[in-house]
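Notes for the one structure printed next.
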Amino acid sequence: MVKRKTCVFISGQGSNLKNLITHSRDNSFPIKISLIISNNKNANGIKYAKYYKIPYKYINSKLKNSEREILLLLKTYNITFICLAGYMKIISNKIVNGFKKKIINIHPSLLPKFKGLNTFERVLKSNEKKTGCTVHYVNNKLDDGSMIIKKIFYLKSKDNEITLKQKTQKLEHRAYPEAIIKIFRYR
Ligand code: GAR
């Protein structure tokens, strides 16, 4: 099987990155993680890049030429697929248009509900009965684009932001690899 050369974009903890790296080491998993881009030079996720010896690059997304730098890196590493994994920055139109249906994102809510930041706080405040996570294609809008996979759980009265995050991330670690398998199975 020819694996898709994939770049994972991160900003923080990197638990989804670590999970994708683990899956991608399986011969039958459709992607190989060839590059990791972080817009935070202190992102915990960078330690997984180092540990697994995957090329990584910190890009200061506040700088004017950052988009050009990203495009150049994607070209240099022959990247044909992009996974956003906690990348807290909107991807520029140029990158989105160049990778149509080839960039996916994971978000900790049942989209289209609760796009953006502080998801768990907002889920609790609005007394939702259920929540979960969504893997979706990336378009030019924030946390938008057609859905690939959703996973759901029901809230308990004792739930707080910490338990919601734990439960959601546990589901994310199943949802993201499943979404990738789903995408490539039908190609
Ligand atoms: C994940 O929960 C992901 O859904 C969320 O950031 C977290 C990153 O965790 N992404 C978004 O909110 C995107 N809008 P991780 O760094 O441990 O993978």
Side-chain angles (χ1 to χ4, degrees), residues 6-25 29 31 33 35-52 54 56-59 61 70 81-93 95-96 99 102-126 128 130-153 155 159-183:
T6 299
C7 177
V8 181
F9 283 61
I10 60 165
S11 298
Q13 198 54 33
S15 73
N16 280 287
L17 167 67
K18 180 172 182 260
N19 180 52
L20 289 180
I21 294 174
T22 308
H23 279 83
S24 66
R25 289 160 70 84
F29 197 66
I31 64 165
I33 300 174
L35 178 65
I36 293 160
I37 289 179
S38 173
N39 68 336
N40 168 9
K41 65 170 176 290
N42 299 316
N44 179 67
I46 291 177
K47 82 175 187 212
Y48 302 121
K50 290 181 181 160
Y51 182 81
Y52 290 99
I54 299 170
Y56 66 94
K57 182 88 181 152
Y58 157 63
I59 301 272
S61 45
I70 291 175
F81 193 66
I82 295 175
C83 295
L84 307 183
Y87 188 63
M88 295 311 189
K89 175 93 190 116
I90 294 174
I91 293 281
S92 76
N93 280 350
I95 300 174
V96 171
F99 283 82
K102 287 173 192 141
I103 308 190
I104 63 173
N105 179 41
I106 188 154
H107 185 76
S109 76
L110 299 174
L111 290 174
K113 284 185 164 180
F114 308 107
K115 297 176 178 186
L117 298 173
N118 307 320
T119 319
F120 305 118
E121 187 189 327
R122 290 185 290 136
V123 166
L124 287 169
K125 272 195 187 138
S126 40
E128 292 295 298
K130 56 185 181 178
T131 186
C133 65
T134 309
V135 183
H136 64 96
Y137 287 105
V138 172
N139 65 16
N140 298 337
K141 297 183 204 137
L142 177 71
D143 297 327
D144 204 74
S146 55
M147 194 264 288
I148 303 157
I149 272 187
K150 259 184 201 173
K151 290 211 181 280
I152 293 171
F153 67 91
L155 276 94
D159 271 322
N160 54 43
E161 282 183 45
I162 294 167
T163 61
L164 277 196
K165 182 174 176 184
Q166 283 167 346
K167 291 180 189 181
T168 305
Q169 287 219 318
K170 203 168 165 194
L171 280 189
E172 288 189 342
H173 298 160
R174 285 175 40 213
Y176 220 162
E178 274 182 40
I180 292 169
I181 289 169
K182 186 175 171 189
I183 289 170

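Counting starts at 1 for both ligands and their atoms, in listed order.
The pair E172-K151 fails the salt-bridge criterion, with no side-chain N (NZ, NE, NH1 or NH2) lying under 4.0 Å from an Asp/Glu carboxylate O.
Sorted pairs that involve residues 36-49 and meet salt bridge (charged side-chain N to carboxylate O under 4.0 Å, His left out), not counting sequence neighbours, are lacking altogether.
A179 and I149 make their closest contact through N-CD1, 3.5 Å (heavy atoms, listed as atom of the first residue, atom of the second, distance).
Taking the ring pair (Phe, Tyr, Trp, His ring centres under 6.0 Å) definition, one finds that F9 meets it with Y87, sequence neighbours left out. Listed by chain and residue number, N39 satisfy the side-chain hydrogen bond (donor to acceptor under 3.5 Å, both in side chains) test with S11 (two or more places apart in sequence, or in another chain).
Using modelled atom types, one finds a donor on one side chain and an acceptor on the other under 3.5 Å when comparing S15 with H173.
Contact shell of ligand 1 (protein heavy atoms, cutoff 4.0 Å): Q13, G14, S15, N16, G86, M88, I106, H107, P108, D143, Q169, E172.
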